[in-house]
Amino acid sequence: MIEGFLLLWDMPKYALNRNILDKYIDHPYCLNNDRALPISSNQKMNEYLVEIAALSGVNKILGNRISKRTFGTTVTLMNGVPTESFSKMFGHINICTTQLYAKVLDSKVSEDKAPLMEKFVARYQQVNEVTESKISVDMALLRAKYQQAI
């Protein structure tokens, strides 16, 4: 479980988070329990998140579900990580559980749709070129037959 988080958090814009993870990499609780941070329960994590929100001026009640949704949506999906991969990072057995945490944003749909649209446009242009050239050849044949008939 930890390897997935460490690999993803190696990205440059998450350097601060990487420093936090590095601080606890050799912590006995983390080593013995296969955890990235020495937090024993969701309740304790929620307490820490409420404290972090208060210190940073965030006027929302934060909890582990919100943090998982944020991680699932902004950190993984928006950076191209497949749902199946972060499902493993979360330790989920069923991908349906993971899908609760990953909100597919319109911007992500547009981003994913762009290559498909490019393929359709290229195919359409190719078909039109073939059709136009075929029509030109057919018109030339018709003109030739017309000229012969006159």
Side-chain angles (χ1 to χ4, degrees), residues 1-140:
M1 181 170 107
I2 292 175
E3 294 82 20
F5 284 112
L6 294 180
L7 177 66
L8 185 66
W9 289 47
D10 271 339
M11 298 164 36
K13 68 182 186 180
Y14 299 107
L16 177 63
N17 299 338
R18 180 62 194 197
N19 290 340
I20 293 168
L21 290 175
D22 285 345
K23 180 178 179 179
Y24 296 104
I25 196 110
D26 293 324
H27 191 280
Y29 181 85
C30 296
L31 294 173
N32 294 331
N33 295 294
D34 192 31
R35 302 280 183 205
L37 297 170
I39 298 170
S40 57
S41 67
N42 284 344
Q43 180 181 1
K44 197 65 177 167
M45 175 64 114
N46 289 338
E47 287 175 18
Y48 290 144
L49 289 171
V50 167
E51 187 176 334
I52 290 169
L55 292 171
S56 58
V58 173
N59 294 323
K60 282 190 169 195
I61 298 173
L62 298 183
N64 75 348
R65 288 183 188 269
I66 290 174
S67 64
K68 282 182 177 182
R69 285 190 181 112
T70 301
F71 180 82
T73 302
T74 60
V75 177
T76 57
L77 277 182
M78 296 307 291
N79 284 299
V81 177
T83 307
E84 295 82 3
S85 296
F86 77 84
S87 179
K88 293 277 186 195
M89 289 180 210
F90 281 7
H92 294 160
I93 295 169
N94 187 337
I95 198 152
C96 292
T97 307
T98 307
Q99 290 170 334
L100 297 172
Y101 294 107
K103 182 180 178 188
V104 179
L105 303 175
D106 290 341
S107 58
K108 178 64 175 156
V109 173
S110 295
E111 183 181 310
D112 290 346
K113 190 171 64 173
L116 183 62
M117 288 301 294
E118 287 175 17
K119 286 181 183 179
F120 283 141
V121 167
R123 180 69 179 148
Y124 176 77
Q125 288 172 342
Q126 182 183 21
V127 167
N128 280 347
E129 287 172 9
V130 170
T131 305
E132 288 174 17
S133 62
K134 185 168 176 11
I135 290 171
S136 297
V137 169
D138 290 346
M139 289 299 290

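Keep in mind that the numbers below use all heavy atoms, side chains included, and drop hydrogens, waters and symmetry copies.
The side-chain contact (heavy atoms from CB on, under 4.5 Å) check on E84 picks up P82, I95, with sequence neighbours excluded. L31 is linked by a side-chain contact (heavy atoms from CB on, under 4.5 Å) to nothing, counting only residues two or more places apart in sequence or in another chain. Partners of K119 according to the side-chain contact (heavy atoms from CB on, under 4.5 Å) rule, which considers only residues two or more places apart in sequence or in another chain, do not exist here. Every residue was checked against the side-chain hydrogen bond (donor to acceptor under 3.5 Å, both in side chains) condition with N33, not counting sequence neighbours, and none meets it. Residues satisfying the side-chain hydrogen bond (donor to acceptor under 3.5 Å, both in side chains) criterion with T98, sequence neighbours excluded, are S87, H92.
By the neighbour-count criterion of 12 heavy atoms within 6.0 Å, atom OH of Y48 is sparsely surrounded, having that number or fewer from other residues, nucleotides or ligands. Atom CD1 of I93 is surrounded by 12 or fewer heavy atoms from other residues, nucleotides or ligands within 6.0 Å. No more than 12 heavy atoms of other residues, nucleotides or ligands lie within 6.0 Å of CD1 in I61, so this atom counts as exposed by the packing criterion.
In this structure, T73 OG1 and N79 CG are separated by 11.5 Å, a value rounded to the nearest 0.5 Å. Taking CZ from R65 and CG from L49, the interatomic distance works out to 13.5 Å, rounded to the nearest 0.5 Å.
Closest heavy-atom contact between P38 and C30: N-SG, 3.4 Å.
For an aromatic pair to be called close, the ring centres must be under 6.0 Å apart, and F86 with F71 fails this.
Annotation: salt bridge (charged side-chain N to carboxylate O under 4.0 Å, His left out) contacts involving residues 46-57, sequence neighbours excluded, comprise K44-E47.
With a 4.5 Å cut-off on side-chain heavy atoms, T83 and L77 count as touching. Under the 4.5 Å side-chain criterion, counting only non-hydrogen atoms from C-beta, M89 is in contact with V81.
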